[in-house]
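Small disclaimer: the values here were computed from a predicted structure and weren't measured. Chain letters run A, B, ... following the sequence lines, proteins first and then strands; every chain starts at 1.
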Protein chains: 2
Amino acid sequence: MSLAHASQPVPDEEVGRFTISEVVEKTGLTAHTLRWYERIGLMPQVGREAPRSGGGQAGRRRYSERDLAFLEFVGKLRLTGMPVADMIRYAELARAGEGTIDERRQILVDHRAEVRERIADLTACLLVLDYKVEHYEQLCGVFETTRAAGAEDVLVRAECGDGR
Amino acid sequence: MSLAHASQPVPDEEVGRFTISEVVEKTGLTAHTLRWYERIGLMPQVGREAPRSGGGQAGRRRYSERDLAFLEFVGKLRLTGMPVADMIRYAELARAGEGTIDERRQILVDHRAEVRERIADLTACLLVLDYKVEHYEQLCGVFETTRAAGAEDVLVRAECGDGR
DNA sequence: TACGTACTTAGAGCCCACTCTAAGCAAGCC
DNA sequence: GGCTTGCTTAGAGTGGGCTCTAAGTACGTA
């Protein structure tokens with residue numbers, strides 16, 4: 001990206017080449033959701049085809065590669081549980097320019113900490129699940145070999161802590 | 001737990017010792033939620049104090065250690081995103097006895113696979129966040145030292161993929 | 001007696017992130 | 001012309017997991 005290139009508006013870069021259907025395919029989001037994202041300010045205004053008749057329609061959306069990159073990032077944030085309101089905040093800051101870099105970074109740092117914590121939580125729970133599954137597998141073995149022993153039945157319940 | 005002990009109803013074990021307020025404290029759930037859990041069949045019927053006057057009240061709940069253990073497990077399942085309907089299913093199977101061990105195990109095996117996948121997803125997204133945060137931190141450095149260079153400004157936008 | 005804690009019922013309410021509606025218009029293609 | 005794809009608006013609807021309501025009763029304690 002040369003300086004000369006960067007300092008001039010570039011139509012083929014401002015107006016992308018992907019229709020909303022194509023973006024639906026690529027992202028897994030619905031057209032409804034994509035329009036919604038624009039409406040709530042999460043997504044910047046997407047470039048449009050010029051309407052041929054100059055009538056009352058706004059023209060069809062044409063998403064750029066950059067739009068797609070942003071949607072991919074949004075998908076990641078969504079997957080990690082960031083509320084839409086926070087994503088909107090982040091996007092607004094991004095649009096406000098380079099003076100907001102620190103704040104943007106802080107949003108991501110905070111969110112990253114939450115994701116780390118969530119991974120830790122899930123990992124701890126996974127250990128419990130592992131233990132339970134392992135225990136069931138052992139009890140399936142014990143159960144089959146000592147089917148007549150009622151005591152084992154009671155132990156199954158007590159050990160598994162499954163309620164009554 | 002001796003055989004003689006196991007084969008007889010034990011009142012002090014059937015009727016626990018924790019009031020609902022104490023369980024609220026221990027679990028972080030609300031009394032409303034605890035009652036709801038019973039109502040929807042997730043929680044087995046909790047033992048009760050005998051009402052003094054024999055009137056129309058059911059008596060106060062008295063949760064046992066086993067009840068608490070089950071609630072702890074439910075909390076883990078909840079934290080890992082298992083839908084309440086699935087938890088109910090699991091609890092019903094547990095109450096149905098030892099003939100359901102295989103099915104119970106399968107529920108947990110399936111769920112465990114989901115948790116693993118979720119951890120993997122989060123971990124992948126965490127890498128993206130790490131990259132972004134790192135990048136912002138570098139750009140804060142670059143930005144401060146070359147504030148007059150407009151090209152860096154554009155690079156910030158392009159590299160961060162932050163939308164417009 | 002007053003207050004705090006707990007009980008019951010059925011269902012309404014809340015929050016979040018979509019998801020869908022309703023109704024009509026536009027444009028391209030066969 | 002018919003079909004497909006896409007446009008707009010404001011807001012209602014959905015699903016999940018609680019959370020709260022409404023109204024009265026019970027019981028223990030100060």
- Message: Between B:I20 and B:R60, is the side chain to side chain contact (heavy atoms under 4.5 Å, CB included) condition met? List the steps.
- Response: CA-CA 8 Å; B:I20 197 163; B:R60 297 175 174 218; over 6 Å; no
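- With rounding to whole Å, B:Y63 atom OH is found 10 Å from C:dA6 atom P.
- Between B:Y37 and the phosphate of D:dC18, there is a side-chain N or O to OP1/OP2 separation shorter than 4.0 Å.
- Nucleic acid contact for B:R39: base, since at least one base atom lies under 4.0 Å from a heavy atom of the residue.
- When the P atom of D:dG16 is taken as reference, atom CH2 of B:W36 falls 11 Å away, rounded to whole Å.
- Atom CG in A:L29 sits about 11 Å away from atom C1' in C:dC18, given to the nearest Å.
- Rounding to whole angstrom units, CD1 of residue A:I40 and C1' of C:dC16 are separated by 11 Å.
- Distance CE (A:M82) to C1' (C:dA17): 15 Å, rounded to an integer number of Å.
- One can find a donor-acceptor pair under 3.5 Å joining the base of D:dT5 and the side-chain atoms of A:R60.
- Classification of A:E103 and A:R89 as a salt-bridged pair holds, one side-chain N sitting under 4.0 Å from a carboxylate O.
- B:R35 has its CZ atom 12 Å from the C1' atom of D:dT19, to the nearest Å.
- Note on B:D121 versus A:K76: no salt bridge recorded, every NZ/NE/NH1/NH2 to OD/OE distance being 4.0 Å or above.
- Heavy-atom nearest nucleotides on DNA chain D were determined for B:T33 and for A:R61, and the one closer to the 5' end corresponds to A:R61.
- With A:Y136 as reference, B:R104 is the one residue of B:R104, B:R105, B:Q106 to meet the side-chain hydrogen bond (donor to acceptor under 3.5 Å, both in side chains) rule.
- Regarding B:L77, its CG atom lies at a distance of 12 Å from the P atom of D:dG17, rounded to whole Å.
- Between B:E22 and B:R17 there is no salt bridge, since no side-chain nitrogen of the basic residue lies less than 4.0 Å from a carboxylate oxygen of the acidic one.
- Between A:R78 and A:H32, the one whose closest nucleotide on DNA chain C sits nearer the 5' end is A:R78.
- In this structure, A:R48 reaches the D:dT8 phosphate: one of its side-chain N or O atoms is under 4.0 Å from OP1 or OP2.
- If you take CD of A:E38 and P of C:dA17, they are 19 Å apart, rounded to a whole angstrom.
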